[in-house]
Each structure stands twice: as structure tokens, then as C-alpha cells.
Amino acid sequence: MNQKTKLIFGLFIGFFAAIGLDQWTKFLAVKHLMNQSAYNIWNGVFELLYSENRGAAFGMLQGKKFFFLLVAVIVLSAAIFAIARMPATKKYIPLHLIAMFLSAGAVGNMIDRFSRGYVVDFLYFKLIDFPIFNVADCYVTVSMFFFMILFFFYYKEEDLSCLSIGKKGEDN
């Protein structure tokens, strides 16, 4: 098995494991937190609090299920494109992982939207009254944070030329 095939296989396993973790934590939130008062982890700072989000971040775009499906399809398509085009070398592993976790986050929340009609949220930073979120949201947020750091401070323009639409992708 060549290096690219091994990498894609590992990303495939990681993708489904990440979705599994997200769905499992949401299952636990429904089972143990729904219709319950908040469970304090760190008094006044962080708690588990069940919430149903029918929109996007901060409750925007309520009930726009097919818009979110379109966004998820675009994210998945971009991730597949990027993974296919990037070399299977150590330098690109962070970008491969970012693509995997972004995709897992998009799919994790999409599963909720289509199976429940809303996204289950349960992580709440009470100290700053931050909107309640979930594991899939963490995947997306943390991935984008690392992407921005890598984009500005690690990768050079020529490193990312493999992602150019007009340029042929790498075969390794």
C-alpha cells in the first residue's frame, strides 16, 4: 500500500471515529441532560447544559436545513479535493487532519439536523456567557484556528500551490 493510500485510509477511519465521538456525546447529552438543570463542571465557569439549536452559530438561520446541507456538501467537496491534491508527506499532515476534522464537524451537525430537526448542544462556558456548543462545533472551530495559524505562519504560497484549481495534483 502506497503512502497516499495509507493516509487516506487513516483519514477515513479518523473521520468516522470523530463523527462517532460527536454523536455519542450528543446521545449522552440527550439521555442525561435533557429536561435537567445544568451540570456544573467548574462552578461559574463551565457546565453541561442541554440545548436544541435549530440554526447555525449563535442561533442564526433558524430552520434553513437545506442551506446547511449545501454548506456541508461544499465543505466535504473541498476537503476531498484538498486531500486528493495534497502530497502525502509529513509537511501536509496538519492540513489533511484539518480537512478531516472540518468534514467530521459538518457531517456530525448535519446528522442532527436531518435526524432530529435540530443540533444538540451541551457545552457552556458560563463565565463569558458563550453560546452553547458541541463536539462537532469544536472540530470546526479548532480546525479553522489551526488552519489560520498554519496559513499565516507555516506554509508558504508555493506549499499551497498543489491546491490551485488549474494545477495538476500531486500523486504521492
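Excluded from the calculations below are hydrogen atoms, water molecules and symmetry mates; all remaining heavy atoms, backbone and side chain alike, are included.
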Between [X] and [Y], is any pair of side-chain heavy atoms under 4.5 Å apart?
X      : Y      : result
Ser37  : Leu49  : no
Val135 : Phe122 : yes
Phe147 : Leu95  : yes
Leu127 : Phe46  : no
Arg116 : Val30  : yes
Ile41  : Tyr39  : yes
Val119 : Lys26  : yes
Thr25  : Asn134 : no

Could you check whether atom CZ of Phe27 has more than 12 heavy atoms from other residues, nucleotides or ligands sitting under 6.0 Å from it?
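Counting other residues, nucleotides and ligands, CZ of Phe27 stays at 12 neighbours or fewer.
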
State which residues pass side chain to side chain donor-acceptor pair (under 3.5 Å) with [X]; sequence neighbours excluded, sorted by chain then number.
X     : result
Glu52 : Tyr50, Arg54, Tyr118
Asn40 : none
Asn35 : none

To check you understand the geometry: which heavy-atom pair defines the closest contact between [X] and [Y], and what is its length?
X      : Y      : answer
Ala38  : Glu47  : CB-OE2, 3.3 Å
Ser103 : Ala79  : OG-CB, 3.1 Å
Met110 : Ala72  : CE-CB, 3.9 Å
Val75  : Ala106 : CG1-CB, 4.1 Å
Val120 : Ala29  : CG1-CB, 4.0 Å

For Met100, what residues pass the side-chain contact (heavy atoms from CB on, under 4.5 Å) criterion, not counting sequence neighbours?
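Checked Met100 against side-chain contact (heavy atoms from CB on, under 4.5 Å); matches are Leu11, Phe15, Leu97.
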
Under 3.5 Å, which donor-acceptor pairs link side chains of residues 148-160 to any protein atom two or more places apart or in another chain?
from: Tyr155; atom 1: OH; to: Lys91; atom 2: O; distance (Å): 2.6
from: Asp159; atom 1: OD2; to: Lys91; atom 2: NZ; distance (Å): 3.4
from: Asp159; atom 1: OD2; to: Lys156; atom 2: N; distance (Å): 2.8

In terms of hydrophobic clustering (I, L, V, M, F, W, Y; side-chain heavy atoms under 4.5 Å; direct or indirect links), are [X] and [Y] co-clustered?
X      : Y      : result
Leu70  : Ile80  : no
Leu33  : Val45  : yes
Ile83  : Ile93  : yes
Ile128 : Leu123 : yes
Val73  : Phe81  : no

Kindly compute the distance separating [atom1] ([X]) from [atom2] ([Y]), expressed to the nearest 0.5 Å.
X      : Y      : atom1 : atom2 : result
Ile132 : Lys126 : CD1   : NZ    : 11.0 Å
Ser51  : Tyr124 : OG    : OH    : 10.5 Å
Phe101 : Met144 : CZ    : CE    : 15.0 Å
Ser143 : Leu102 : OG    : CG    : 4.5 Å
Asp112 : Asn53  : CG    : CG    : 10.0 Å
Tyr92  : Cys162 : OH    : SG    : 4.5 Å

Measure from the side-chain N and O atoms of His96 to the backbone N and O of Pro87, and report whether any donor-acceptor pair falls under 3.5 Å.
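Checking the backbone N and O of Pro87 against the side chain of His96, a donor-acceptor pair under 3.5 Å is found.
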
Between Ser164 and Ser161, is there a donor-acceptor pair closer than 3.5 Å when you use the side chain of the first and the backbone of the second?
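Looks like yes, one N/O pair under 3.5 Å.
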
Could you walk me through whether Val142 and Phe146 pass the side chain to side chain contact (heavy atoms under 4.5 Å, CB included) check?
CA-CA 6 Å; Val142 172; Phe146 281 113; 3.5 Å; yes

Starting from Ile13 and following side-chain heavy-atom contacts under 4.5 Å between hydrophobic residues (I, L, V, M, F, W, Y), which residues can be reached?
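Phe9, all in the cluster of Ile13.
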
Determine, using ring centers only, whether Phe130 and Phe125 are less than 6.0 Å apart.
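Ring-ring flag for Phe125/Phe130: false, centres at least 6.0 Å apart.
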
